[in-house]
Amino acid sequence: MTLTLYNTLTRRKETFTPLEPGKVKMYCCGVTVYDYCHLGHARSYIVWDMVRRYLLWRGYQVRYVQNFTDIDDKILNKARQEGSSMEAVAEKYIQTYFEDMDRLNIMKADEYPRATHTLDGIKRLIHELEHKGFAYPAAGDVYYTVGNFSDYGKLSGRNLADMQAGASGRVEVEDPEAAKKKHPFDFALWKAAKPGEPAWESPWGAGRPGWHIECSAMVRQCLGETIDIHVGGADLVFPHHENEIAQSEAVTGKSLASYWLHNGMVNVDGEKMSKSLGNFTTIRQLLDAPNAPEPMAVRLFVMQANYRKPIDFTAEAMAAAQNSWNTLKEGLLFGYEYGKQLGWDVGQASCLSSSPVPSPQEQRFQEAMDDDFNSPGALAVLFEIAKELGKEGNILVHEGKTKTPPTQLEAQWKTLVSLANVLGLSVQPETQTNESTDGLSDAEIDDLIQQRQAARKAKNFAEGDRIRDQLKAAGITLIDTPEGTRWHRN
RNA sequence: GGUCAGGUAGCCAAGUGGUUGAAGGCAUCAGACUGCAAAUCUGAUUUUCGUCGUGGGUUCAAAUCCCACUCUGACCUCCA
C-alpha cells in the first residue's frame, strides 16, 4: 500500500515519495503570538499532529519544525495596549500556546524557531535575493520583485495579470508602502524602523523583517533547501506560501517543498472563524466552560471531517463529538477495567505495540489513512472495535464472564489503543477513577448508594430516587445492574 | 470580477463506475430490561419503484464519468 496525499501545488493526490527514503522533513507555519489560540488554530495543529503521528506509525523518521512569529504589528499593538513590550507579549502567548496544545495532546515539534532568533538567516536571504536581482531597497524598506520570478502564482494557481484585474474592482486601501513598490504585488522583505519600535541593524538600515521571509529563512536553517512536506492553513496559500516559494526558490534554484498540504477552515454559521469577524472561541474558553467538552472530543470533532474541508463549529456539533468520544473512550478503557478480570497483563498503555502481522482492522485503518489522511474512514474502524469491546464489557458486568476468548479481546483492545494513539486519542485510566470532584469522596458515594439500595429494598422509592438525583446533581451517574450498582463521574 | 474547493439520508460524514439495496458517528422514536429511570441490547427513521444540489448525456450498469445550471465557502488585505 502506498501513501497518497493531496498536493496543493499540483491540485491532485500524489504518491508520497520522500527525498530521502524513510525520512520526512516537515515544516508547519505556526502562530503569530499576540493572543490566545482559537479553534481554527486548534484544528490546524490537531490535523498536522495527526499527519505527523501517522507518518511515524508508517515507519518514517519525521523531523517536524514549527515556527513562532514573534515580530509583528499585531504583537506591537498588543504591547502598546498593555503597556508591555513585544518580547513580553510574545513570551506570554508562546507559553499559552504550549499549554493549550498540551491539553489537546499535540506532540512537541522538534524545533520551534522564532523570527527574533533567525535574523542572521533572514538578512542573509535578503542579501542573496538582492544580489540575484529579486529585491530592491526603497527608502529603508526592501521589496521582493514579484515580476522577476517566473513561477510566481504556481502554488495558488493565479497570475499577476488576473490578480491585477481582480484588484481593480476592489476598494483601494490607503497603503503607505504602495508608493515605494515598483509593482503592487511586490512585498516587503525588510521594513524600515519606525520610532519607538523594536529594530535590528542591517545593511539596509535599522528595521525588522517582513512576515514571509522568516519562514523561508527558518526552513532553510532548520531543514535545508528542499523539504518533503510544507503545511499550514488554507488561508496561507496566498500570499504567504506563494511568497515563501518565490523567496526560497529564487535563491536556491531548487523547489522549496515537494508537497504542500493545507487544512480547511473552521467556520461559524457558515463563515470562517477569525479575529477580524470576532466570531472566534479560544481553546481555553471552550475547554474551561461549564459542561466543556473533553480535549479528546475536540480532537475527534476535528478528525471526523476530512482535513481539507471546512467544518462548521456549533455547540451541537461539539456535544455530538463529546458523545462520540464517550463511546470510543469506553472501548479504550476496556483493558484497564476488565483486563485484570480477564487474566491478562495490562502493563503500560504506552508500551503497547501493534502485533507484527497487521490485523484486518489495522489494514483498513491504514488503507483509509493512506488515502490522503482519510481520518473519518479510519475512525470508523476504531468505532467498530470500541463498540464491540463496549458490548463485551457490558456482558462482563452483567454475567461476570464472556464467551469471547480473553486473548482475542486483548488483541482487539491493543489494536484499538494503538490505532487511537496514531490519531492522538488517548485516555488516562488513573485520572478516570481518582478524580476528587465536587467534594464527594468514593467512600461517601458508596455510602449513599448503600442507603439508596436499602430504601429501594424497603420499597421507599421516593427516598431512593432522591439519593439518585442528589448524586446526579453532584455529577455522579449510577448504573444499576442485576449484580448491584456501579457508578461513574461524568 | 478572477482562482480554487465543495453540495450525500433528521444532523455530521465516508464512499469516485457493478460485492454501496450509501461505512462510521450523533440524534430521535419503539420494544426488551427496570419499581420508574439511567446504562445496555434489538429494531426503526435509510430495503424492491424515485434517495446522493438541479437538468440533460455516456454506459449493460453512475452518488461515482461528461456537459450545462444552481447554491455555499475559501483566497485575491493580516489570518491556522
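As a basis for the values below, the full set of heavy atoms in this structure was taken, side chains included, without hydrogen atoms, waters or symmetry mates. To find a chain, count down the sequence lines: A is the first, B the second, and so on, and within it residues start at 1. The structure displayed is predicted, hence computed values, not measured ones.
Nucleotide B:rC78 holds its P atom 11 Å from the CZ atom of A:Phe187, rounded to whole Å. Note: CZ (A:Phe238) to C1' (B:rG73) measures 19 Å, nearest angstrom. As rounded to whole Å, 16 Å separates atom C1' of B:rA5 from atom CG of A:Asp312. Per the geometry, CG belonging to A:Leu104 stands 16 Å off P belonging to B:rA80, to the nearest Å. Between the P atom of B:rC75 and the CZ atom of A:Arg308 lies a distance of 17 Å, rounded to the nearest Å. In this entry the distance linking CZ of A:Arg299 with P of B:rA80 reads 19 Å, nearest Å.
The residue A:Leu478 sits close to a base: some heavy atom pair falls under 4.0 Å. Across all strands, A:Asp73 comes closer than 4.0 Å to no nucleic acid atom at all (heavy-atom distances). Across all strands shown, A:Asp371 has heavy atoms under 4.0 Å from sugar-phosphate atoms exclusively, and none from any base. At a threshold of 4.0 angstrom between heavy atoms, the contacts of A:Ala380 include nucleobase atoms, whether or not backbone atoms are also involved. If you check every strand for non-hydrogen atoms under 4.0 Å, A:Asn263 touches a base. Among the heavy atoms of the strands, none lies under 4.0 Å from A:His262. At the heavy-atom level, A:Asn267 lies under 4.0 Å from the strands shown only through sugar-phosphate atoms. Contacts of A:Gly464 with the nucleic acid, taken as non-hydrogen atoms under 4.0 Å apart, are absent. A:Glu384 comes within 4.0 angstrom of sugar-phosphate atoms only, judged by non-hydrogen atoms across all strands, and of no base.
A donor and an acceptor atom, one from each side chain of A:Glu271 and A:Asn279, are nowhere located under 3.5 Å apart. Side-chain atoms of A:Thr4 and A:Glu14 form no donor-acceptor pair, as typed in the model, at a separation below 3.5 Å. Using modelled atom types, one finds a donor on one side chain and an acceptor on the other under 3.5 Å when comparing A:Gln361 with A:Gln412. Under the 3.5 Å distance criterion, with hydrogens and angles disregarded, a donor-acceptor pair is assigned to the side chains of A:Ser156 and A:Glu242.
Put simply, A:Phe383 does not rest on the base of B:rG24: the two rings are not both less than 5.5 Å apart at their centres and under 30° in tilt.
The phosphate of B:rG15 (OP1 or OP2) has a side-chain N or O of A:Asn374 nearer than 4.0 angstrom. One finds no side-chain N or O of A:Asn394 lying less than 4.0 angstrom from the OP1 or OP2 phosphate oxygen of B:rC41. For A:Lys391, a side-chain nitrogen or oxygen approaches OP1 or OP2 of B:rU42 to under 4.0 Å. Within the structure, every side-chain polar atom (N or O) of A:Thr32 is placed at least 4.0 Å from both OP1 and OP2 of B:rC78. In this model, the phosphate group of B:rC26 is approached by a side-chain N or O of A:Lys387 to a distance below 4.0 Å at OP1 or OP2. Within the structure, every side-chain polar atom (N or O) of A:Lys309 is placed at least 4.0 Å from both OP1 and OP2 of B:rA74. Regarding contacts with the backbone of B:rC75, a side-chain N or O of A:Lys272 is found under 4.0 angstrom from either OP1 or OP2.
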Under 3.5 Å, sequence neighbours excluded: what are the donor-acceptor pairs made by side chains of residues 373-384 of chain A?
from, atom 1, to, atom 2, distance (Å)
A:Asn374, OD1, A:Gly377, N, 3.0
A:Ser375, OG, A:Met303, O, 2.7
A:Glu384, OE1, A:Arg364, NH2, 2.5

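Comparing B:rA14, B:rC26, B:rG35 by their closest approach to the side chain of A:Arg468 singles out B:rG35. In this structure, the nucleotide among B:rU40, B:rU77, B:rA74 sitting nearest to the side chain of A:Met265 is B:rA74. Considering only the side chain of A:Glu271, B:rA74 comes nearest among B:rA14, B:rG2, B:rA74. Among the nucleotides B:rG35, B:rA80, B:rG24, the one closest to the side chain of A:Phe461 is B:rG35. Closest to the side chain of A:Arg452, out of B:rA37, B:rC26, B:rA80, is B:rA37.
With sequence neighbours excluded, the residues satisfying salt bridge (charged side-chain N to carboxylate O under 4.0 Å, His left out) with A:Lys154 are A:Asp151, A:Glu249. Here A:Trp260 pairs with A:His230, A:His241 under the ring pair (Phe, Tyr, Trp, His ring centres under 6.0 Å) rule; sequence neighbours left out.
Of the P atoms belonging to B:rA30 and B:rG21, the separation is 32 Å, rounded to the nearest Å.
The residue from A:Trp190, A:Phe187, A:Tyr143 that alone fulfils the ring-ring contact (aromatic ring centres under 6.0 Å, His included) condition with A:His212 is A:Phe187. The ring-ring contact (aromatic ring centres under 6.0 Å, His included) test with A:Tyr93 is passed by exactly one of A:Phe68, A:Phe98, A:Tyr36: A:Tyr36.
Comment: A:Arg452 engages A:Asp480 in a salt bridge, judged by a side-chain N to carboxylate O separation of less than 4.0 angstrom.
Going from atom CE of A:Met369 over to atom CG of A:Leu423 covers 5.0 Å, rounded to the nearest 0.5 Å. In this structure, CD1 on A:Ile479 lies 11.0 Å from CH2 on A:Trp487, to the nearest 0.5 angstrom.
RNA chain B lies under 4.0 Å from at least one heavy atom of each of the following residues of residues 40-54 of chain A: A:Gly40, A:His41, A:Ser44, A:Tyr45. Of the residues in residues 4-15 of chain A, those placing a heavy atom less than 4.0 Å from an atom of RNA chain B are A:Tyr6, A:Arg11, in numerical order.
Using the six-membered ring where Trp is involved, A:His41 and A:Tyr45 have ring planes that are parallel, under 30° apart on the 30 and 60° scheme.
Within the cation-pi definition used here (under 6.0 Å to the ring centroid, within 45° of the axis), A:Lys13 does not qualify as a partner of A:Tyr6.
Base-pairing analysis of RNA chain B finds the following stems of at least three consecutive Watson-Crick or G-U pairs, with both pairing distances under 3.5 Å: B:1-7 with B:70-76, B:10-12 with B:24-26, B:27-32 with B:40-45, B:53-57 with B:65-69.
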